[in-house]
Chemist: 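Take a look at the following structure, please.
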Amino acid sequence: MVLSISSRRLMKELKEIETKGTPPGIQLLKADDMETWIFLISVLGDETVYKGETFALKLKFEPGYPIDYPQVTFLSDDQYQPPLHPHVYSNGHICASILGSEWSPVLTALSICITIQSMLASCKKKERPPGNDRYVRSAPLNPKLTRWAYEDDTV
Amino acid sequence: MSTNASQAFWICHECGAQMRPLTVDGVSHCASCNGEFIEILDSNINPDPYFELPPPPPIRPTGQEPPSQHNPGLAEGNFMSSLFGNIFGAAVRDPGGSGQQPGSQRPGSPSSALGTSPGRSSGSSGGRGRTLNFNLPGGGRGQVMFGSFGGNGIGIGAIGSGDDGGLGMPGSGGDLASFFPGFGPPPHLQRGGNRHFQPLGQNDAMSPDELIRSMLAALTIDGDMPQIHGIPGRANLGDYVLSQQGFDQVLEQLMRAAGPQGPLPASDIVINGLPKFKLTEESLETSQFKDCPVCKEEFTVGEEVKRIPCKHIFHPDCVDPWLKVNGSCPVCRFSLVPDESNGPPRTTGTDTDSPDTETRDPQQGSYVSNVLRRLWGQTGTNSDPSSPTTEDPPDAAGEATAVTTSGRVPSESPPPASAAPQAASGEPVVRLSTDIPAEYTERHRRREREARESLPDEDLD
């Protein structure tokens, strides 16, 4: 059977990660299949408000990948908690334009991780987004079903 | 108006009929379907504000067939009633009697049956309205007016706390009994009677609950009706918009989704018109693009690739599905979707290109792709040196040069995006149809700069 475009592309990415490794602070935790990958993300250096913290980023790929962007959320379980960040809701949903209107099939799992990592790195103040509770109460499971409005490009 | 208990009406929750129940062995039954789940609509006995009902339907003329036991529309009405019951049930108390006299049945006839249809809004005074205010979960404040706008029709209007007071929707005047066949406390089954009435809505062109349903569907964000079929307490008010403010928010969301900020697909004509060519050994060697940006596979000699006017090349199978979703280059976001303000792009280019150019060698590009090149294919000659370039198929490069007057748009000009650069370069400011719209050039250039200057985090929110 011919592999789907999405599987072929993901295998390519996986191979790339295996041969070239991941950037500092990013680590592939789990990629057992071509559906769900989990990366560990931490912000290096002393400047960051997330010093010493590690977050687990879950990427869920759909058959439409890479035309379609993956579902990207921070894990929220016993072991990992989403970072306290003005664009990260307490249910792990992330408001980032590349995970929405600014997605491009050129982006990869790793480039998503890098983007999220730099989003965390530029954060100066640990806080939840305004309206977090309200959103989390009614949020769909799949962040892609949320209509995001991107307002703040400072963080 | 006061409601005399003897004139009180009952509603059957099983068939939706308004009737006087039949008492058999001390148990009240629906006169229409014999069901036992019936409720009295009387302010004294059942102090639910919504017993206020329009005039009951006419008595079924003697000799007419009994109404069907189950009216689908009315069964759905229960859903509406529980919805409105949930929303408003606790919020309003009827100050006095009912707005309409429930006992004022009129002799049955088709014409009088029509009197309760939603279309009817003219009529006698009767315009007694009530307003209720409530807070929406999202923090908004809403106002709903109930009242009879016409002789028999009951209108529901929604008004938000927004700036200018908003506007109601009085056109929905209809038979309230169909909206609210019953709600409130459990039924009281102590009354008897034996009169039969025709179930509502049968003669209505559009049943009120269809009307409301479509209204709500129009107002909910995604148009889906949540699964709340008749299960009180499960309706989530957050799924509905009941105020002008909320309605405005939905509109704004819709407009934002449909607006120019959202990704727009490229048209099929544009997608199919993009030039394709086969990679030769030479072109592959000189090209800086060694692999397809979408699938990340390396290009191989002899492979067919598709090129966007920004010179980025892709496998056709890779880029086409993307362009159908988002008409921009995956790499540099060069837009293949013309701004509306620039006018329809394909009306240009009729001066020199006649349709018979389509019969040319496909390698030469189709008519459409020529038009495209004129519109957007500017990067071949006047782009700044660091812009991506590939080994051009000779014909395409030549054509692009021919139709692109270099220097017309200075490559490093900062945005004034209009015709100003043209004036600055001493050329006539007349916008020829073959000119590259400066907006395109400027936008593309800006994006190229951004792409060069920043890493992926520029995309970050």
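Reminder, nothing fancy here: chain letters follow the sequence lines and each chain counts from 1.
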Chemist: I need the Phe299(B) CZ to Leu284(B) CG distance, nearest 0.5 Å.
Modeler: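 One finds 8.5 Å between CZ of Phe299(B) and CG of Leu284(B).
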Chemist: What distance separates Ile313(B) CD1 from Leu274(B) CG, expressed to the nearest 0.5 Å?
Modeler: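 These two atoms lie 13.0 Å from each other.
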Chemist: Give me the contact list for residues 51-82 of chain A versus chain B, heavy atoms only, anything under 4.5 Å, ordered by residue number.
Modeler: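 Within residues 51-82 of chain A, near chain B: Pro66(A), Ile67(A).
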Chemist: If I compare all heavy atoms of Arg128(A) with all of Val88(A), which pair ends up nearest, and what's the gap?
Modeler: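 Closest pair (atom of Arg128(A), atom of Val88(A), distance): NH1-O, 3.1 Å.
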Chemist: Is any side-chain heavy atom of Ile116(A) closer than 4.5 Å to a side-chain heavy atom of Phe39(A)?
Modeler: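 Ile116(A) does not reach Phe39(A) side chain to side chain.
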Chemist: Relative to chain B, which segment of Ser6(A) carries a heavy atom at a distance below 4.5 Å: side chain, backbone, both, or neither?
Modeler: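 No part of Ser6(A) comes within 4.5 Å of chain B.
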Chemist: Which pair of non-hydrogen atoms, one from Asp268(B) and one from Lys324(B), has the smallest distance, and what is that distance?
Modeler: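 That closest heavy-atom pairing would be OD1-CE, 4.0 Å.
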Chemist: Measure from the side-chain N and O atoms of Ser328(B) to the backbone N and O of Arg333(B), and report whether any donor-acceptor pair falls under 3.5 Å.
Modeler: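 No: the side chain of Ser328(B) does not pair with the backbone of Arg333(B).
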Chemist: CD of Gln27(A) to CD1 of Ile17(A): how many Å apart, nearest 0.5 Å?
Modeler: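 The CD atom of Gln27(A) sits 11.5 Å away from the CD1 atom of Ile17(A).
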Chemist: Would you compute the distance between atom SG of Cys310(B) and atom CG of Leu336(B) and round it to the nearest 0.5 angstrom?
Modeler: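 Those atoms lie 7.5 Å apart.
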Chemist: Compute the centroid of each ring, for Phe334(B) and then for His312(B), and state whether the two points are separated by less than 6.0 Å.
Modeler: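 No - the distance between ring centres of Phe334(B) and His312(B) does not fall below the 6.0 Å cut-off.
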Chemist: So Pro23(A) and Ile114(A), do their side chains get closer than 4.5 Å, heavy atoms only?
Modeler: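 Yes; the side chains approach each other to less than 4.5 Å.
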Chemist: By number, which residues in residues 290-297 of chain B have some heavy atom less than 4.5 Å away from chain A?
Modeler: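 Interface residues of residues 290-297 of chain B: Pro293(B), Val294(B), Cys295(B), Lys296(B), Glu297(B).
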